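Only a predicted model underlies this, so the values are computations on that prediction, with no experimental measurement involved. Proteins get letters first, then strands, A, B, ... in listed order; numbering begins at 1 in each.
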Protein chains: 2
Amino acid sequence: MKCPSYNLFFETMSSKLRVKILDLLMKKPMPVNEITKILKEEQSKVSHNLKRLHDCHFIEVERKGKERIYSLNKKTMVPLMKLVEKHVQCYCKKECYKK
Amino acid sequence: MKCPSYNLFFETMSSKLRVKILDLLMKKPMPVNEITKILKEEQSKVSHNLKRLHDCHFIEVERKGKERIYSLNKKTMVPLMKLVEKHVQCYCKKECYKK
DNA sequence: ATTTCATATGAAATAATATTCATAAGTAGT
DNA sequence: ACTACTTATGAATATTATTTCATATGAAAT
């Protein structure tokens, strides 16, 4: 079992594609080929990026026949995304820097 | 006023030096030359990285004579760090994957 | 106005990361 | 055992980010 560092945590989150994948998995678990179809990205590219996400325990895998079903680690990801969204919105909306 | 994106948020957090700077500012606000001395890093390097942190509103500045005092945006940074720490610890300690 | 100190900035050089491509590995069916 | 299908992986290449270096800016003091 790998032990993710602070930096690896954020580095892994700092890729557009990886965040897109996480957003997708927010809806429901799905196999690799479904992710590639929806995001229109190459399979190996997606697999490499899934590996990064998995190394950080942002996602989990389960075998189902030939497929591998990836699912989100909601315990960490949901509060994280909420926190970031709050911060981003705060500094994008007028209300927040009018005070 | 710049509006940080999700990716910029995480990208900015994904640098060892920048996280070190944030950790320092967690203790107290300080000017650039104090940061450079403590971290033993070049001034311009520190300044470039402070800019990134500031663009994302992770830190704030205040002028004081020739110096510029940087301080942490604790509102976002404290809960963020706690969240990450929790996640990292969970996947580093035995208890968490024994279940 | 010029010197000094503190910090910022632009651009080239360097380092780190991601993507691509070819191929391997695993599974299920015939 | 062979084929088809799904996903993983290694290594070369391409892309992106960081650092460095030279210099600019800005504030205070003389």
Side-chain angles (χ1 to χ4, degrees), chain A residues 1-2 4-25 28-73, chain B residues 1-2 4-25 28-73:
Chain A
M1 152 125 358
K2 284 184 189 170
S5 70
Y6 272 56
N7 297 111
L8 189 63
F9 185 109
F10 290 116
E11 203 186 291
T12 300
M13 290 298 294
S14 74
S15 140
K16 280 183 190 173
L17 179 54
R18 286 194 289 267
V19 171
K20 275 186 194 172
I21 291 173
L22 291 173
D23 273 341
L24 252 190
L25 297 179
K28 68 170 171 65
M30 56 179 84
V32 180
N33 64 2
E34 194 173 344
I35 299 173
T36 64
K37 272 171 204 160
I38 296 176
L39 299 182
K40 287 168 190 164
E41 294 282 358
E42 216 200 343
Q43 178 269 317
S44 72
K45 191 174 167 181
V46 170
S47 276
H48 278 296
N49 281 284
L50 283 169
K51 189 180 186 307
R52 282 291 300 274
L53 290 167
H54 188 250
D55 284 349
C56 284
H57 304 277
F58 292 164
I59 57 177
E60 285 149 35
V61 217
E62 205 189 341
R63 279 205 181 131
K64 198 180 176 185
K66 296 177 207 167
E67 295 182 326
R68 295 199 180 191
I69 313 293
Y70 281 92
S71 62
L72 195 70
N73 172 355
Chain B
M1 151 124 359
K2 285 183 191 172
S5 69
Y6 271 57
N7 298 111
L8 190 62
F9 184 109
F10 289 117
E11 203 186 293
T12 300
M13 290 298 295
S14 74
S15 139
K16 280 184 190 172
L17 179 54
R18 287 194 288 269
V19 171
K20 276 186 192 171
I21 292 172
L22 292 173
D23 272 341
L24 252 189
L25 297 179
K28 69 172 171 63
M30 56 180 83
V32 180
N33 63 4
E34 195 173 344
I35 299 174
T36 64
K37 274 172 202 159
I38 297 176
L39 299 182
K40 288 168 189 163
E41 295 283 358
E42 217 201 341
Q43 177 269 316
S44 72
K45 190 174 168 182
V46 170
S47 277
H48 277 298
N49 281 284
L50 283 168
K51 189 180 185 305
R52 281 291 300 272
L53 290 167
H54 188 250
D55 283 350
C56 284
H57 306 276
F58 293 164
I59 57 177
E60 284 150 35
V61 216
E62 205 189 342
R63 277 206 182 128
K64 197 179 177 186
K66 296 177 207 167
E67 295 181 327
R68 296 201 178 187
I69 314 292
Y70 281 93
S71 62
L72 195 70
N73 171 357

Worksheet, complete the sentence: When B/S44 and B/R52 are each assigned the nearest nucleotide of DNA chain D, the 5'-most assignment goes to B/R52

Discussion item. Just verifying a value: how many Å separate B/E67 CD and B/E34 CD, rounded to the nearest 0.5 Å?
Written reply: 8.5 Å

Practice prompt. Check every atom of D/dA8, D/dT18, C/dT20 against the side chain of A/E42 and return the nucleotide holding the closest atom.
Written response: C/dT20

Discussion item. Under 4.0 Å from OP1 or OP2 of D/dT19: is there any side-chain N or O of B/N49 that close?
Written reply: yes

Worksheet item: Taking atom C1' of C/dA18 as reference, at what distance in whole Å does atom NZ of A/K20 sit?
Response: 14 Å

Worksheet, complete the sentence: Which of C/dA28, C/dT17, D/dA8 is nearest the side chain of A/E11? It is C/dT17

Worksheet entry | Gap between atom CD1 of B/I21 and atom CG of B/L50 - 0.5 Å precision | 4.5 Å

Worksheet item: Between B/Y70 and C/dA8, does any side-chain N or O lie under 4.0 Å from OP1 or OP2?
Response: yes

Discussion item. At less than 4.0 Å, is any side-chain N or O atom of B/K45 found next to OP1 or OP2 of D/dT19? Yes or no.
Written reply: yes

Response to the item:
Taking C/dT4, D/dT19, D/dT6 as options, the one with an atom nearest any side-chain atom of B/L17 is D/dT19

Fill in: Point-to-point distance, once rounded to the nearest 0.5 Å, from CG of A/L24 to CG of A/L39
4.5 Å

Fill in: Gap between atoms CD and P, on B/E67 and D/dA28 respectively (whole Å)
11 Å

Practice prompt. Measure the CD-NE2 distance between B/E60 and B/H54 for me, rounded to the nearest 0.5 Å.
Written response: 7.0 Å

Worksheet entry | Interatomic distance, A/K51 NZ vs D/dG10 C1' [rounded to whole Å] | 12 Å

Worksheet entry | Protein-nucleotide distance (B/F10, atom CZ; D/dA17, atom P), rounded to Å | 16 Å

Worksheet item: Nearest of C/dT7, C/dA18, D/dA22 to any side-chain atom of B/P31?
Response: C/dT7

Fill in: Quiz item: A/Q43 side-chain donor-acceptor pair to D/dA8 base, under 3.5 Å
yes

Worksheet item: Once you round it to whole Å, what is the distance between C1' of C/dT17 and CG of A/L8?
Response: 12 Å

Practice prompt. Report yes if the ring of B/H48 lies under 5.5 Å from the six-membered base ring of C/dT9 with planes under 30°, and no otherwise.
Written response: yes

Worksheet item: Can you find a side chain N or O atom of B/R68 that sits less than 4.0 Å from OP1 or OP2 on D/dA27?
Response: no

Item to complete: Could you check how far CG of A/L50 sits from C1' of C/dT19, rounded to whole Å?
Response: 15 Å

Worksheet item: Rounded to the nearest 0.5 Å, how far does CD1 of A/I35 lie from NZ of A/K20?
Response: 13.0 Å

Worksheet item: Is there a side-chain polar atom (N or O) of B/N33 under 4.0 Å from OP1 or OP2 of C/dT7?
Response: yes

Worksheet item: Roughly how far, to the nearest 0.5 Å, is OG of A/S44 from CG of A/N49?
Response: 9.5 Å

Discussion item. Can you identify which nucleotide, out of D/dT6, C/dT7, C/dA18, has its nearest atom closest to the A/K66 side chain?
Written reply: D/dT6

Worksheet item: Within this structure, what is the NE2-to-P distance between B/H54 and C/dT9, rounded to whole angstrom?
Response: 11 Å

Worksheet item: Which whole-number value in Å describes the distance from B/N7 CG to C/dT17 C1'?
Response: 15 Å

Worksheet item: Closer than 4.0 Å, any side-chain N/O of A/R63 to the OP1 or OP2 of D/dT6?
Response: no

Worksheet item: Does D/dT30 have a Watson-Crick or wobble mate here (both distances under 3.5 Å), and if so which one?
Response: C/dA1

